*Asks:* 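Before I ask anything, here is the structure I am working with.
In the text below, chain A, chain B and the rest are named by the order of the sequence lines, each starting its count at 1. Computed from a prediction, not measured in an experiment: that's the story for all the values here.
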Amino acid sequence: MSEKNIKNIFVNGPIAPAFIADSIAKHSSKTAIGGHSIFMGQVRKDEINGKFVSAIAYTAYEELALEKMYQIREEIFEKYPLKCMHIYHSLGTVKAGEICLFVFTSSAHRKPAIAACSEVVDRLKVELPIWGKEIFEDESHQWKENS
Amino acid sequence: MSEKNIKNIFVNGPIAPAFIADSIAKHSSKTAIGGHSIFMGQVRKDEINGKFVSAIAYTAYEELALEKMYQIREEIFEKYPLKCMHIYHSLGTVKAGEICLFVFTSSAHRKPAIAACSEVVDRLKVELPIWGKEIFEDESHQWKENS
Amino acid sequence: MEIEIISFGQIAEFINHQKIEVDGIADTDAFKRYLEDRFPTLKGMKYKLALNKNIVQQNTEIKNQATIAIMPPFSGG
Amino acid sequence: MEIEIISFGQIAEFINHQKIEVDGIADTDAFKRYLEDRFPTLKGMKYKLALNKNIVQQNTEIKNQATIAIMPPFSGG
């Protein structure tokens with residue numbers, strides 16, 4: 001039995017703006033917070049060889065991703081004086097214009113929240129076993145690569 | 001007659017999470033965007049000499065603030081490849097736990113949005129003629145100072 | 001000449017918005033001396049002036065019907 | 001011995017989840033040689049292994065009933 005509190009970060013399909021609003025609203029009782037930083041990833045309608053991306057389908061090695069995210073979370077809380085950190089990533093299909101990633105950090109003063117948010121985004125792109133399949137309007141696909 | 005498109009940034013009272021959600025949702029048609037960065041300032045219930053801050057009342061030299069914000073906006077768009085930038089600051093009373101500042105930047109890739117958002121927050125705290133009066137639970141007050 | 005004075009934040013607690021009729025205030029340095037003389041509380045405080053909506057960075061000539069804002073340190077955000 | 005193979009992303013398009021019965025695969029380096037021999041497409045690709053949910057950073061011993069994940073470069077976010 002693990003004593004680690006491994007949180008789920010995965011949601012099925014896109015992350016709705018109303019979900020983000022709820023997440024923000026929940027922090028109004030946390031009156032030690034002075035600054036919130038949010039990053040959201042949105043699926044781009046990229047043009048690749050004359051075809052437009054209509055959606056990205058995400059899959060993940062979920063257990064490993066959650067374990068890795070747990071480690072990142074621990075390290076970020078060690079490094080920055082954060083009050084809160086929330087991370088959500090889509091699985092399944094997210095259409096162009098929809099949100100696939102939501103990272104939300106909060107601290108008493110603005111700088112730790114901003115630095116932590118940026119660092120979490122950088123790290124999760126590199127370290128989490130998640131894959132995006134870019135689906136074109138003609139239903140052909142190619143596998144996304146993070147640059 | 002000025003040809004400059006000077007945008008208002010001021011809203012009366014706190015900035016509602018639902019307003020932020022609407023702002024996010026409006027970007028789903030902008031499918032060249034890949035990353036959004038948001039900063040939100042929240043009023044802290046600080047304890048100062050045994051008394052708790054219950055709210056901050058904001059006033060501004062509005063015309064000068066909007067002119068200055070226009071300059072900052074121009075310089076930030078010059079410096080970073082942004083798709084969008086939205087800024088809102090409260091005037092009047094904002095209670096502890098409520099949001100008084102909302103900065104929202106978007107770009108094709110994440111780094112410009114994140115860097116621009118952070119820089120705008122830094123600059124507006126230093127450069128915009130806005131004043132916060134911290135109101136305590138006993139209705140006494142002191143004037144906030146940005147550190 | 002006529003100068004309109006506006007004030008903000010903590011300074012608005014002891015300097016009201018007002019129009020003054022004065023002579024011999026040729027520039028912003030002279031205006032600061034006038035102000036600190038009339039409102040001694042100001043001497044111990046940090047403040048900036050804005051002349052006709054431009055923040056004063058160096059001593060600047062004041063013309064008739066100028067509007068001068070007296071601004072304590074900013075604390076927005 | 002028995003090894004469970006799971007695969008992700010582009011690699012899942014040509015390597016299915018499967019259990020294999022093999023002998024003589026003592027470590028992850030040997031497993032890679034086995035894989036690339038059986039699935040030549042893999043030779044031209046970047047990929048990482050995870051052995052029992054630990055990302056393989058260096059050659060590691062494989063024991064019976066191991067689960068090995070074959071993972072192309074990550075592209076989340």
*Asks:* Can you tell me if CD on B:E78 sees more than 12 non-hydrogen neighbours from other groups inside 6.0 Å?
*Replies:* no
*Asks:* Would you indicate whether C:Q58, at its atom CD, is surrounded by more than 12 heavy atoms from other residues, nucleotides or ligands within a distance under 6.0 Å?
*Replies:* no
*Asks:* B:E63 versus chain C, heavy atoms under 4.5 Å apart: side chain, backbone, both or neither?
*Replies:* side chain
*Asks:* Could you look at B:E127 and say if it's the side chain, the backbone, both or neither that has a heavy atom under 4.5 Å from chain C?
*Replies:* backbone
*Asks:* For B:E139, does the CD atom have more than 12 heavy-atom neighbours from other residues, nucleotides or ligands under 6.0 Å away?
*Replies:* no
*Asks:* Please state whether the side chain, the backbone, both or neither of B:I130 comes within less than 4.5 Å of a heavy atom of chain C.
*Replies:* both
*Asks:* Starting at NZ of B:K133, measure out to CD of C:E13 and round the result to the nearest 0.5 Å.
*Replies:* 6.0 Å
*Asks:* Is it true that, when you exclude B:K95 itself, more than 12 heavy atoms of the residues, nucleotides or ligands shown sit nearer than 6.0 Å to its NZ?
*Replies:* no
*Asks:* Have a look at C:S75 and tell me which of B:W143, B:Y58, B:W131 forms a side-chain contact (heavy atoms from CB on, under 4.5 Å) with it.
*Replies:* B:W131
*Asks:* So, for C:A50 and B:L64, which heavy atoms are closest and what is the spacing to 0.1 Å?
*Replies:* CB-CD2, 3.9 Å
*Asks:* Contact part of B:A60 toward chain C, heavy-atom cut-off under 4.5 Å: side chain, backbone, both or neither?
*Replies:* backbone
*Asks:* Can you give me the closest heavy-atom contact between C:F74 and B:V126, atom names plus distance?
*Replies:* CD1-O, 3.1 Å
*Asks:* Mind checking the NZ-NZ spacing from C:K53 to B:K68? Nearest 0.5 Å is all I need.
*Replies:* 15.0 Å
*Asks:* Using a cut-off of under 4.5 Å on heavy-atom pairs, state which of C:P72, C:A69, C:A12, C:P73 scores highest against chain B.
*Replies:* C:P72
